[in-house]
K.L.:
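One structure coming up, written as structure tokens, with questions to follow.
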Amino acid sequence: MNNTRVQRDTQRLAGDDEGVTTAAAILRAGGLVAFPTETVYGLGADATDFRAVAAIYAAKGRPRFNPLIAHCAGIDAARREGMFDAPALALARAFWPGPLTLVVPASPGCGVCDLARAGLDSVALRVPDHPLARDLITRVGRPVAAPSANRSGHVSPTTPEHVLSDLDGRIDAVIAAGPTRVGVESTIVACLGGAPRLLRAGGAPRALIEAAIGRNLVDETSTSEAAPLAPGRLAAHYAPNARVRLDAQVIRPGEAALLFGPSPPAGIEDAAAVLNLSVAGDVTEAAANLFAALRALDATGARVIATSPIPETGLGEAIRDRLRRAAADR
Ligand code: TXA
Ligand code: MG
């Protein structure tokens, strides 16, 4: 198939054996399939096929070639692609399958193509904790490159409907399997010799990672986006159309309100729209609801989304990071 074309008929596949079999065949032939992981929906392509990977960038409308995460079926498959030092191995054993991505030196036999690695000599690897994702990757028999399945600059999709609203007609298929469990992208840790470094906060909480390696992570989550290591961490990567106002104690008339916790803030009665990420004040529940809520409030046409303060604990760090990026000037 001609993988650089953008217009395609997008098949809706069921999240069953037949759907996964069809999806695997499309991926093996160089096509693009969006599939659920436990974090967000990914836009998959055969990571060993540079034409298929190029088609990911075309479908997303990515302005430049950022390195992608190669998804593997298990730890053994991942260790064929990258070289794991002691902390990397400890983290893989503690968190995989799960919402942690490890950036490690590419192995001499690494099959993940140069384009998926953006020419770097490292590779980002992850074993997702979702039965359909692992089944799919196993059947493809190769690592599957997958960024989040959204148009460049939009928030990540946590439902098949989000995927289709961004990419219908631009990808070959989507496996429709309901909302994702975690709701924010994986945590990214670089293990490239020396102290492991936190590149992106995400679905695996920092405290658990630090406990698994017995030391603190070097925090590189706010390093300038000009840093070549993780160009995907653009400041305004998670941007809705509305302006996002952080840590709002008071809602101003006409603002859309994104709340957290049981007590409504002052001014709520004059809000244009109101959603609560977690009435119980649970950051894990809030993470699962975050991107759908941002999309829904954005769709109201409100010019400003005012967000309640969210604690920094557990998945709160990832939520705060995404909201900060959504609030960054474009
Ligand atoms: O949860 C997730 O991680 C989702 C699901 C689909 O697995 N995927 C995802 O991919 O969020 P994406 O492409 O949106 O983010 C990948 C991040 C980017 O910030 C990129 O810069 C970084 O991983 N990355 C990839 N390879 C890297 C490398 N060799 N060195 C440093 N950063 C890398
Ligand atoms: Mg993304």
Side-chain angles (χ1 to χ4, degrees), residues 33-45 47 53 56-57 59-72 81-83 95-106 110 112-130 132-134 136-137 143-158 162-163 166-167 175 180-192 196-204 220-221 223 225-239 287 291 315 318 321-322 325-326:
V33 179
F35 64 95
T37 78
E38 79 280 34
T39 56
V40 300
Y41 274 72
L43 178 56
V53 171
I56 288 180
Y57 297 108
K60 284 185 61 105
R62 270 210 179 176
R64 48 193 168 119
F65 291 161
N66 297 330
L68 304 177
I69 298 168
H71 296 68
C72 299
E81 307 301 329
M83 296 187 290
F95 286 92
W96 285 354
L100 177 69
T101 294
L102 294 173
V103 174
V104 299
C110 180
V112 178
C113 68
D114 246 26
L115 185 55
R117 298 190 347 237
L120 299 170
D121 51 18
S122 55
V123 62
L125 300 169
R126 161 162 132 75
V127 177
D129 183 19
H130 191 293
L132 290 175
R134 294 184 77 199
L136 176 65
I137 299 160
V144 173
S148 50
N150 51 276
R151 291 291 283 271
S152 184
H154 292 191
V155 299
S156 292
T158 55
H162 296 164
V163 173
D166 273 21
L167 297 175
I175 301 179
T180 59
R181 173 171 59 80
V182 177
V184 290
E185 301 87 345
S186 61
T187 303
I188 305 181
V189 173
C191 297
L192 296 169
R197 289 170 294 149
L198 180 65
L199 301 186
R200 177 174 80 183
E220 294 191 353
T221 55
T223 306
E225 75 255 23
L229 191 58
R233 293 174 295 153
L234 295 171
H237 196 70
Y238 297 88
F291 290 136
L315 296 196
D321 172 85
R322 303 304 183 270
R325 287 169 203 277

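Ligands are counted one by one from 1 in listed order, and the atoms in each one are counted from 1 as well. One-based numbering along the sequence shown. It should be emphasised that the depicted structure is a prediction, and the values quoted were computed from it without experimental measurement.
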K.L.:
Taking 4.0 angstrom as the limit and counting only heavy atoms of S122, give me the atoms of ligand 1 inside it, by number and element.
P.N.:
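Under 4.0 Å from S122, ligand 1 has these atoms: 28 (C), 29 (N), 30 (N).
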
K.L.:
Report the distance from atom CD of E185 to atom OG of S156, rounding to the nearest 0.5 Å.
P.N.:
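E185 CD to S156 OG: 3.5 Å, rounded to 0.5 Å.
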
K.L.:
Can a salt bridge be assigned to the pair E38 and R126 using a cut-off of 4.0 Å between side-chain N and carboxylate O?
P.N.:
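R126 and E38: salt-bridged.
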
K.L.:
Taking atom types as modelled, find out whether R200 and T101 have a side-chain donor-acceptor pair closer than 3.5 angstrom.
P.N.:
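Checked: R200/T101 side chains show no N/O donor-acceptor pair below 3.5 Å.
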
K.L.:
Heavy-atom contacts with G42 under 4.0 Å: which atoms of ligand 1 show up? List them by number with element.
P.N.:
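Under 4.0 Å from G42, ligand 1 has these atoms: 6 (C).
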
K.L.:
Salt bridge (Lys or Arg N to Asp or Glu O under 4.0 Å) with R181: which residues, sequence neighbours excluded?
P.N.:
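R181 satisfies salt bridge (Lys or Arg N to Asp or Glu O under 4.0 Å) with D129 only.
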
K.L.:
Going by the atom numbers of ligand 1, which of them fall below 4.0 Å from some non-hydrogen atom of H71?
P.N.:
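The list of qualifying atoms is 5 (C), 6 (C), 7 (O).
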
K.L.:
Can you confirm, on distance only, whether ligand 1 has an N/O atom lying under 3.5 Å from any N/O atom belonging to Y41?
P.N.:
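Min N/O separation from ligand 1 is not below 3.5 Å for Y41.
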
K.L.:
Going by distance only, is there an N or O of E185 that falls short of 3.5 Å from an N or O of ligand 1?
P.N.:
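No, there is no polar N/O contact under 3.5 Å.
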
K.L.:
Quick check: closest heavy atoms across P147 and R62, and the distance to 0.1 Å?
P.N.:
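Scanning both residues completely, I find the closest heavy atoms to be CB-NH2, 3.6 Å.
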
K.L.:
Can you name the atoms of ligand 1, numbered from 1 with element, that are less than 4.0 Å from a heavy atom of I188?
P.N.:
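Near I188, meaning under 4.0 Å from one of its heavy atoms, ligand 1 has 17 (C), 22 (C), 23 (O).
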
K.L.:
Is there a polar contact between ligand 1 and T39, counting only N or O atoms under 3.5 Å apart?
P.N.:
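It does: an N or O of T39 is found under 3.5 Å from an N or O of ligand 1.
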
K.L.:
From E81 CD over to L102 CG, what is the distance, rounded to the nearest 0.5 angstrom?
P.N.:
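The CD atom of E81 sits 13.5 Å away from the CG atom of L102.
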
K.L.:
Could you tell me whether some N/O pair between N66 and ligand 1 is separated by less than 3.5 angstrom?
P.N.:
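N/O-N/O distance below 3.5 Å does not exist for this pair.
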
K.L.:
Quick check on the Mg ion (ligand 2): does S148 put an N/O/S atom closer than 2.8 Å to it?
P.N.:
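Yes, since at least one N, O or S atom of S148 sits under 2.8 Å from the Mg ion (ligand 2).
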
K.L.:
May I ask you to list the atoms of ligand 1 that are less than 4.0 angstrom from any heavy atom of L120?
P.N.:
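Once the distances to L120 are compared, the set is 28 (C), 29 (N), 30 (N).
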
K.L.:
Restricting to non-hydrogen atoms, name the atom on A116 and the atom on A47 that form the minimum distance, rounded to 0.1 Å.
P.N.:
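Taking A116 first and A47 second, the nearest heavy atoms are CB-O, 4.3 Å.
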
K.L.:
Using distance alone, decide if ligand 1 has a nitrogen or oxygen within less than 3.5 Å of any nitrogen or oxygen in R126.
P.N.:
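For ligand 1, there is an N or O atom that lies under 3.5 Å from one belonging to R126.
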
K.L.:
I'd like to know if E38 contacts ligand 1, where contact means a heavy-atom distance under 4.0 Å to any ligand atom.
P.N.:
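In this structure, E38 fails to qualify as a contact of ligand 1 - no heavy atom is under 4.0 Å.
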
K.L.:
Please round to the nearest 0.5 Å and tell me the distance separating atom CG of L68 and atom CD1 of I56.
P.N.:
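Answer for the CG-CD1 pair, L68 versus I56, is 5.5 Å.
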
K.L.:
Among A149, A146, A124, whose heavy atom sits nearest atom 8 (N) of ligand 1?
P.N.:
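Ranked by closest heavy atom to atom 8 (N) of ligand 1, first place is A146.
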
K.L.:
Please confirm whether P128 comes under 4.0 Å of ligand 1, counting heavy atoms of the residue only.
P.N.:
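Flag not set, P128 not near ligand 1.
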
K.L.:
Is there a side-chain contact between D166 and P157 (heavy atoms, below 4.5 Å)?
P.N.:
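No, their side chains stay 4.5 Å or more apart.
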
